[in-house]
Novice: 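Quick one: the structure is below, and I'll ask about it shortly.
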Amino acid sequence: MKYNIDSRGYYGKFGGAYIPEMLYPNVEELRENYLTVMEDPSFQKEFNSLLKDYVGRPSPLYFASRLSAKYETQIYLKREDLNHTGAHKINNTIGQILMAERLGKKRIIAETGAGQHGVATATVCALKGLECVVYMGEIDIERQAPNVARMKMLGATVIPARSGSKTLKDATNEAIRDWINNPIDTHYIIGSVVGPHPYPDMVAKFQSVVSAEIKSQLLTQTGKDAPDYVVACVGGGSNAAGAYYHYLENTDVKLIAVEAAGYGVNSGESAATSVLGKEGIIHGSKTLLMQTDDGQITEPYSISAGLDYPGIGPMHAHLFDTGRAEFVAITDNDAMNAGLELCKLEGIIPAIESAHALAIFEKKCFGKDEVVVLSLSGRGDKDLATYISHFNLI
Amino acid sequence: MKNRIQKTLANNQKIVSIYFTAGFPNLNDTCTILEKLEKAGVDMVEIGLPFSDPLADGPTIQESSTQALKNGMTAVRLFEQLKDIRKTVSIPLVLMGYFNPILQFGVEAFCQQCKAVGIDGLIIPDLPVDVYENEYKHLFESYGLLNILLITPQTSDTRIRTIDSISKGFVYMVSSASVTGSQKGFGEAQTAYFQRIASMGLKNPLVVGFGISSPETFAQAIEHTNGAIIGSAFIKHLREFGVEKIDQFIEKIRGH
């Protein structure tokens, strides 16, 4: 296992659990139990049954014929946008709520940026009748009113994060502080493959259902279970981790990670962590993150709230460091155009996060017979206001 | 040769220690605050190196950190300010900072600077015990720096023993399951915890921190331990009075 996690909780030199002692018992309890719980047949049975009957899995692997024709290659879209709540996020929250239940937790906390993970968490808390508290940056609360309303309808309490830059990284800090203050009965459902070990591994394993399905669907549709490329956008990197997971060690499959360049990688307004980041510690994990020379974490920018995170998961830092994945940065404009193009060519309105991945086809040429699987991580309903203002649609 | 922290704790059974964020309220207040604290009879000081994302801190210290960073505080600047501090201040000085700024500075270079200006110990809340022991213990010790480790009411006895065995200055007892500054007062559970740890017979002295804001909580904290650290309450004092009246704050906490 060269690219997956090692027994100490590291991907190469990245990962680990750089946490204050106050969090040690919480994280240690999870670390000691997560694999045993996940491998338990009763857990597997409930997880799979909820993924099937509640989330609607397997999500289709759709051959996008008009998109393929335009770019003269073979493009398959993994339709995570068709999941309940509209994105891949629910795969993880279903897994973690079952984990929380088995660890005897009564209260759930989460952080959210745009609100997608907050909604997915509030959803599973409603499903299980558990108390739910979601931390969200004060600025994001203003920008994402519909998702705030959704969380409230689902019974969650939304608490504004007013510290620091009042966005996702600060919401994450607040959730961690809550966990320090409530160490016994609370489980923290982190939303991506970030945070202290075992979170990156646990979240990647819950999301790995995506590539498990791709393998069997691709085999049925093409006669081969491995594509030439897997393409996914990376903010923290959970949809990419899920789409890559079962191909990590198969180096015949090329992995492409698409980051948000914002106004451009060198514009000062960007979230392209692999280019702009340096090795350091964020939210309990050693990884690549955007920071000043003095080690202060900086605020990223992207039109896509889901990619607007100053770090990347340690798995992705390792994939970048080893060259296992190719990292490409896509600007706001290119992503928006690619999103609109998918609407016109395939009748699918993608989330702006996923639109970043779609923009790869303007950047990079693929062979006529090469199979490219792209993770369409979410649907664009939540982004309508951004599409409207960007394209002057009304 | 004993480190200043060890000497102070050996001489004095009940120490009062103060935390403040370097660069707050004003960029160049650091040395003035240190001198006034020593004059006011404080036994030890923790100097906070501000960080953008202080996970273990409550709102008061977070805000002081944000302000200090706005004021332009950096590790480089702090070491510059402290270069002659040992001409005027003789009490033990501990630097408290999150790990990322120290990593960017370079851990060894950071230790060198600490030694050069006369820092006696480090508190790095997000440097975990195992990483410290495997990767940095030797380095810190080679520069004469004592790494201060934390325990909480949730820390198991086995782990407390491990932490005690690798600690050389004192064991920092976090008073309750909380971030800094969030306690109103200490109840029975905390008193029982102070007693329980005190009765373990650890080799290191115990100093309590988090939630000490008044003569009452100070008295409760030191009853079974060797001292207490006051952070957020002092930051609030600085916010209100600047560097004035520091002696009055210390007198009040001591209950004189």
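Below, chain A is the first sequence line, B the second, and so on; all start at residue 1.
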Novice: If we only count heavy atoms from C-beta on, is the B/Pro54 to A/Arg177 side-chain gap below 4.5 Å?
Specialist: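 Touching, per the 4.5 Å side-chain cut-off.
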
Novice: Is A/Tyr24 close to B/Arg159 at the side-chain level, that is, under 4.5 Å between some pair of heavy atoms?
Specialist: yes

Novice: With only heavy atoms counted, which part of A/Ile184 is less than 4.5 Å from chain B, the side chain, the backbone, both or neither?
Specialist: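 For A/Ile184, the side chain is the part near chain B, not the backbone.
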
Novice: Using non-hydrogen atoms only, which part of B/Phe51 is less than 4.5 Å away from chain A: side chain, backbone, both, or neither?
Specialist: both

Novice: Taking the side chain as C-beta and beyond, is there a heavy-atom pair between A/Asp293 and B/Gln104 under 4.5 Å?
Specialist: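 A side-chain contact is absent here, since even the closest heavy-atom pair is not under 4.5 Å.
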
Novice: Decide whether B/Asn100 and A/Gln291 meet the rule of one side-chain donor and one side-chain acceptor closer than 3.5 Å.
Specialist: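 Looking only at side-chain atoms, A/Gln291 and B/Asn100 do form a donor-acceptor pair, the distance falling under 3.5 Å.
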
Novice: Heavy-atom distance under 4.5 Å between the side chains of A/Met22 and B/Val174, does that happen here?
Specialist: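 When only atoms from C-beta onward are counted, B/Val174 and A/Met22 do touch, with a gap below 4.5 Å.
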
Novice: Relative to chain B, which segment of A/Asp178 carries a heavy atom at a distance below 4.5 Å: side chain, backbone, both, or neither?
Specialist: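 Neither; nothing under 4.5 Å.
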
Novice: Measuring heavy-atom distances to chain A, does B/Gln62 have an atom under 4.5 Å in its side chain, in its backbone, in both, or in neither?
Specialist: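 Side chain of B/Gln62 only, per the 4.5 Å heavy-atom cut-off to chain A.
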
Novice: Examine whether an atom of B/Pro50 lies under 4.5 Å from a heavy atom of chain A, and if so say whether it belongs to the side chain, the backbone or both; otherwise answer neither.
Specialist: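 Just the backbone, heavy atoms under 4.5 Å.
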
Novice: With a 4.5 angstrom heavy-atom cut-off, is it the side chain or the backbone of B/Leu150 that approaches chain A, or both, or neither?
Specialist: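 For B/Leu150, heavy atoms of backbone and side chain both lie under 4.5 Å from chain A.
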
Novice: Looking at every heavy atom in both A/Gly295 and B/Pro101, which two are closest together, and how far apart are they?
Specialist: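 Looking at all heavy atoms of both residues, the closest pair is O-CG, 3.8 Å.
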
Novice: Any chance you could measure B/Phe99, atom CZ, to A/Lys286, atom NZ, to the nearest 0.5 Å?
Specialist: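 So the CZ of B/Phe99 and the NZ of A/Lys286 are separated by 6.5 Å.
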
Novice: A/Ile282 vs B/Asp53, test: side-chain contact (heavy atoms from CB on, under 4.5 Å). Steps then yes/no.
Specialist: CA-CA 9 Å; A/Ile282 182 170; B/Asp53 296 74; over 6 Å; no

Novice: Heavy-atom distances under 4.5 Å only: say whether B/Leu69 touches chain A with side chain, backbone, both or neither.
Specialist: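 Contact with chain A: side chain only.
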
Novice: Is the shortest side-chain heavy-atom distance between B/Leu103 and A/Ile281 below 4.5 Å?
Specialist: yes

Novice: Just verifying a value: how many Å separate B/Asp126 CG and A/Leu23 CG, rounded to the nearest 0.5 Å?
Specialist: 10.5 Å

Novice: Measure B/Asp130 against the heavy atoms of chain A and call it side chain, backbone, both or neither at under 4.5 Å.
Specialist: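 For B/Asp130, neither part sits under 4.5 Å from chain A.
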
Novice: When only pairs under 4.5 Å are counted, which of A/Ile297, A/Asn182, A/Ile176, A/Thr298 shares the most heavy-atom pairs with chain B?
Specialist: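 The answer is A/Ile297.
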
Novice: Other residues, nucleotides and ligands only: do more than 12 of their heavy atoms fall within 6.0 Å of OH on A/Tyr263?
Specialist: no

Novice: If I measure from the heavy atoms of chain B, does A/Glu279 come under 4.5 Å with its side chain, its backbone, both, or neither?
Specialist: backbone

Novice: Kindly compute the distance separating OG1 (B/Thr155) from CD (A/Glu21), expressed to the nearest 0.5 Å.
Specialist: 4.5 Å

Novice: Minimum heavy-atom separation for A/Pro20 and B/Ala56, please, with both atom names.
Specialist: CG-CB, 4.2 Å

Novice: Can a donor-acceptor pair be found, under 3.5 Å and without considering hydrogens, that links the side chain of B/Thr74 to the backbone of A/Asp294?
Specialist: no

Novice: Minimum heavy-atom separation for A/Gln296 to B/Ser52, with atom names?
Specialist: OE1-N, 2.7 Å

Novice: Within the supplied structure, the quantity of interest is the number of heavy atoms (other residues, nucleotides, ligands) at a distance under 6.0 Å from B/Lys168 NZ; does it exceed 12?
Specialist: no

Novice: For A/Leu289, is it the side chain, the backbone, both or neither that has a heavy atom under 4.5 Å from a heavy atom of chain B?
Specialist: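 For A/Leu289, the side chain is the part near chain B, not the backbone.
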
Novice: Is it the side chain or the backbone of B/Ile163 that comes within 4.5 Å of chain A heavy atoms, both, or neither?
Specialist: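 For B/Ile163, the side chain is the part near chain A, not the backbone.
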
Novice: Where is the tightest heavy-atom contact between A/Asn181 and B/Val179, given as atom of each residue plus distance?
Specialist: OD1-N, 2.9 Å

Novice: Need one label for B/Tyr172: side chain, backbone, both or neither, based on atoms under 4.5 Å from any heavy atom in chain A.
Specialist: neither

Novice: So for A/Ile19, is it side chain, backbone, both, or neither that comes closer than 4.5 Å to the heavy atoms of chain B?
Specialist: backbone

